[in-house]
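We count ligands from 1, going down the list as the structure has it; atoms in each ligand are counted the same way. Count residues from 1 along the sequence. Because only heavy atoms are used, hydrogens play no part in the values below, and waters and symmetry mates are left out as well, while side chains stay in.
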Amino acid sequence: MTPGLRPLIAGNWKMNTLVGEAVDLARAVAAGAAGSKAELLVCPPFLYVAGLAGLLKESGVAVGAQDCHAKAKGAHTGDVAAAMLKDVGASYVILGHSERRADHGETDAQVKAKAEAAMAAGLTPIVCVGETLAEREAGEAEAVVARQLTGSLPEGFVNAGGVVAYEPVWAIGTGKVPTEADIAALHAAMRAQVGAKTRLLYGGSMKPSNAAAILALPNVDGGLIGGAALVAADFLAIAAAAG
Ligand code: PEP
């Protein structure tokens, strides 16, 4: 944790849940959210952002999206603009997740443009970075993340309250987690690059059994949670481990 920064526990639901499941999951998270020292955020599929933002309005649980387009509006079939998300009650947007970088070929420059659009619309961007297994084994993890940060974070990101999520690609959904020393070293390097005001989340197979140890590391200011965010009790247990 970093003194002065409120921890953020963010759930990335990815392409999961039918609407009834999404409502049940959101209600269960809200039921356990009272008194949380951490800020709680759920990021459902686009379709449910508006409904869940209404449902969670008084709950203290924020709602975010998993992507937005870099343009404010126009001829971009199938895409969603940041202002639309803001308009229906979202406050955050995850950008540059490794699955989007892999599935959609998103580059650092595109992530940066999306972050600019998010900030212009009044959304807080959560920009994801992280190395592949080959890059870690080659000793390049810190250099890769530094390059991604340089390429993906727009001017004004820090002052806009932008959040960074370090998610080693090889740890996402695999049950594998870097050593605590490796997470601490990577987060210290990110801290040196982005300064004291930016919340730095860890993501990658975080679960109730490892959350307390990871969240206690210096410069880890919360978590971006995938699989465990689909089980309200697990997500809330991780939030409780944040303080
Ligand atoms: C993620 O994809 O953002 C993530 C952290 O997934 P998981 O927790 O399932 O590894």
Review point. Are side-chain heavy atoms of R101 and V169 found at a separation under 4.5 Å?
Key: no

Check your understanding: Which ligand 1 atoms does G204 reach within 4.0 Å, using its non-hydrogen atoms?
Key -> 5 (C), 10 (O)

Practice item. Looking only at protein heavy atoms, identify the closest one to atom 2 (O) of ligand 1 and say how far it is in Å. Key: K14 NZ, 2.5 Å

Practice item. Run the salt-bridge test on R191 and D221 with the 4.0 Å N-O cut-off and return the result as yes or no. Key: yes

Exercise for review: Answer yes if the side chains of E167 and H97 hold a donor-acceptor pair under 3.5 Å, and no otherwise.
Suggested key: yes

Review point. So is K207 in contact with ligand 1, going by heavy-atom distances below 4.0 Å?
Key: no

Review point. Atoms of ligand 1 less than 4.0 Å from S205 heavy atoms?
Key: 7 (P), 8 (O), 10 (O)

Review point. Quick check: does I172 get an N/O under 3.5 Å from an N/O on ligand 1?
Key: no

Review point. Side chains of L186 and D182: closer than 4.5 Å at any heavy-atom pair?
Key: no

Point to revise | Residue portion contacting ligand 1 (non-hydrogen atoms closer than 4.0 Å) for A165 | key: neither

Review point. With only distance considered, is T174 within less than 3.5 Å of ligand 1 through an N or O on each side?
Key: no

Check your understanding: Do the side chains of Q110 and R100 get nearer than 4.5 Å, heavy atoms only?
Key -> no

**Study point:** Residue A171 vicinity, atoms of ligand 1 by number, heavy atom under 4.0 Å
**Key:** 10 (O)

Point to revise | Straight-line distance of N219 CG to T2 OG1, nearest 0.5 Å | key: 4.5 Å

Point to revise | Numbered atoms of ligand 1 (with element) below 4.0 Å of H97, judged on heavy atoms | key: 1 (C), 2 (O), 3 (O)

Revision key, fill the gap. Looking only at heavy atoms, the pair that brings D108 and S152 closest together is OD1-OG, 3.1 Å

Check your understanding: With backbone taken as N, CA, C and O and side chain as the heavy atoms from C-beta onward, which portion of N12 lies under 4.0 Å from ligand 1: side chain, backbone, both, or neither?
Key -> side chain

Check your understanding: Relative to each other, are the rings of H187 and Y202 parallel, tilted or perpendicular (30° and 60° limits)?
Key -> tilted

Exercise for review: Report the nearest protein non-hydrogen atom to atom 3 (O) of ligand 1: residue, atom name, distance rounded to 0.1 Å.
Suggested key: E167 OE2, 2.7 Å

Study note, to complete from the structure: Value for OG (S98) from CD (Q148), rounded to nearest 0.5 Å, stands at 9.5 Å

Check your understanding: Considering only heavy atoms, which of G203, G226, G173 lies nearest to atom 10 (O) of ligand 1?
Key -> G173

Practice item. Mark up the atoms of ligand 1 that fall under 4.0 Å of a heavy atom belonging to G227, in ascending order. Key: 7 (P), 8 (O), 9 (O)

